[in-house]
Protein chains: 2
Amino acid sequence: MRYPKTHKEETRRKLIDSSRALLKQNGLDATGVDALMSSVGLSGGAFYSHFPSKQALLEEVIREEIQHSVSMLKPPSPEGGPTLAQRTKAYLSVQHVEHPEMGCVLPALGAELGRIPPEVKSIIEDGLKEMHAIWYDEVKDEGAAWAAIAQSVGAVILARAVKSDATRREILKGTRLNMERLIQQHTTGTPSS
Amino acid sequence: MRYPKTHKEETRRKLIDSSRALLKQNGLDATGVDALMSSVGLSGGAFYSHFPSKQALLEEVIREEIQHSVSMLKPPSPEGGPTLAQRTKAYLSVQHVEHPEMGCVLPALGAELGRIPPEVKSIIEDGLKEMHAIWYDEVKDEGAAWAAIAQSVGAVILARAVKSDATRREILKGTRLNMERLIQQHTTGTPSS
DNA sequence: GTCTATATCTAGATAGAC
DNA sequence: GTCTATCTAGATATAGAC
């Protein structure tokens with residue numbers, strides 16, 4: 001064979017990884033198959049040896065992105081890593097806002113997630129339920145757990161939608177303060193270890 | 001003249017109003033000039049008698065949408081209308097989530113707002129500052145005011161991104177409860193009238 | 001001011017050579 | 001598996017008739 005059997009899966013992996021960044025940066029509609037392929041040094045026509053359609057790639061990308069976002073929110077295995085409060089602080093950082101291509105898929109795609117087919121919405125839903133469980137474990141309150149996720153995602157979206165750095169920082173700082181308060185209110189009396 | 005002088009502005013008005021709904025429903029990129037024009041019963045070519053480009057229409061639409069969202073958040077002139085808490089409850093409703101075309105522009109466009117030109121981001125920013133002032137007036141806390149806006153927008157986006165009605169309702173209900181708590185915490189000791 | 005026709009460009013997807 | 005060439009469809013925008 002002209003290509004080693006590992007070649008296809010390597011190319012596929014590179015394509016997915018590159019697509020994850022590009023799609024988060026520019027959105028689902030605005031990123032064409034040609035752009036995705038040339039980002040891994042291939043021509044547009046070769047795409048269809050790897051996926052039957054652009055939609056199929058989008059599904060895979062969203063699946064991996066959601067899985068990744070959940071794993072980033074998850075507490076580190078034994079002990080010792082950053083706390084949920086600390087991970088949230090990093091989420092609500094200028095660094096995250098300025099680099100959607102490396103960040104969470106939820107604020108990067110935003111409203112586009114409301115327009116994807118139901119099968120893909122199921123993936124989002126499962127991921128959000130996992131995130132909710134992680135937050136619930138911390139704050140022991142169903143509502144507060146959903147609100148924590150909502151305001152994290154919302155703050156990053158809003159911070160990206162304003163022009164000035166000053167307002168961007170205000171939004172992030174304000175939300176960080178509120179999140180600290182939310183965590184503290186729901187964990188007082190519950191020793192953390 | 002073949003058309004009365006009020007005709008152009010009437011057509012323009014109808015076009016903008018119709019565009020506001022369509023763009024919020026389908027997104028900025030996915031809605032073409034032809035679709036916008038045929039929604040008011042005209043052909044695509046006639047568009048350019050009203051706007052020099054699609055981008056110019058988008059700016060006008062976003063400007064009016066932001067202005068409208070601010071006016072919806074604003075307390076009714078003298079007294080007697082719904083409270084901020086009540087208006088927030090309506091914002092976090094299934095009705096709002098299921099009808100993006102009639103709802104707030106921020107969750108309807110979401111991440112797309114992060115990719116518009118700086119001039120338009122200024123419009124968003126000014127509107128967000130007005131919304132922040134309205135919230136600050138209620139809760140007297142800069143951070144809580146930003147967090148209130150962020151979690152409202154975020155919750156609507158997330159509610160639209162999940163498949164099941166049950167989870168949709170959970171997200172909205174949880175966020176509503178948290179918003180009530182936020183308002184109550186920051187207003188105790190401050191009589192409301 | 002609006003129409004039809006068109007120019008130009010880009011999109012997703014397919015066909016056949018290598 | 002990847003390439004080039006191409007099909008079809010859709011986009012933004014323009015030109016000229018009415």
Next item on the list: Considering non-hydrogen atoms only, spot the tightest contact between B:T88 and B:S152 and give its length.
Entry: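 For B:T88 and B:S152, the tightest heavy-atom pair comes out as CG2-OG, 4.4 Å.
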Pairing residues for [X] by the salt bridge (charged side-chain N to carboxylate O under 4.0 Å, His left out) criterion, not counting sequence neighbours:
| X | value |
| --- | --- |
| B:E138 | none |
| A:D126 | none |
| A:R87 | none |
| A:E170 | none |

Could you go over nucleotides 4-7 of chain C and give all protein N or O partners under 3.5 Å, atom names and distances?
none

Item checked: Contact residues, residues 47-54 of chain A to DNA chain C [heavy atom, < 4.0 Å] ->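 DNA chain C contact set from residues 47-54 of chain A: A:Y48, A:S53, A:K54.
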Checklist line | Nucleic acid contacts of residues 19-37 of chain B, taken as heavy-atom distances under 4.0 Å to DNA chain C | finding: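 Those residues whose heavy atoms fall under 4.0 Å from DNA chain C, taken from residues 19-37 of chain B, amount to none.
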Next item on the list: For B:K8 and C:dG1, give me the distance from atom NZ to atom C1', rounded to whole Å.
Entry: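 Roughly 8 Å, once rounded to whole Å.
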Margin query: Rounded to whole Å, how long is the line connecting atom CG of A:L57 with atom C1' of C:dG12?
Written below: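 Rounded to whole Å, this separation is 13 Å.
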Next item on the list: Output all residues satisfying side chain to side chain contact (heavy atoms under 4.5 Å, CB included) with B:Q185, sequence neighbours left out; order by chain, then residue number.
Entry: A:Q185, B:R181
Next item on the list: State which residues pass side chain to side chain contact (heavy atoms under 4.5 Å, CB included) with B:K129; sequence neighbours excluded, sorted by chain then number.
Entry: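 B:K129 satisfies side chain to side chain contact (heavy atoms under 4.5 Å, CB included) with A:T167, B:E125 only.
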Check: By ring-ring contact (aromatic ring centres under 6.0 Å, His included), which residues pair with A:Y136, not counting sequence neighbours?
Finding: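 In terms of ring-ring contact (aromatic ring centres under 6.0 Å, His included), with neighbours along the sequence ignored, A:Y136 is linked to no residue.
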Next item on the list: Using ring-ring contact (aromatic ring centres under 6.0 Å, His included) as the criterion, list what pairs up with A:H50, not counting sequence neighbours.
Entry: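 Checked A:H50 against ring-ring contact (aromatic ring centres under 6.0 Å, His included); zero matches.
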Next item on the list: Can you tell me which residue pairs pass the side-chain hydrogen bond (donor to acceptor under 3.5 Å, both in side chains) test with a partner in residues 25-46 of chain B, sequence neighbours excluded?
Entry: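 Residue pairs with at least one partner in residues 25-46 of chain B: B:S18-B:S39, B:Q25-B:E101.
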Checklist line | side-chain N/O A:T11 vs D:dG1 OP1/OP2, d < 4.0 Å | finding: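 False: A:T11 side-chain N/O out of range (4.0 Å or more) of D:dG1 OP1/OP2.
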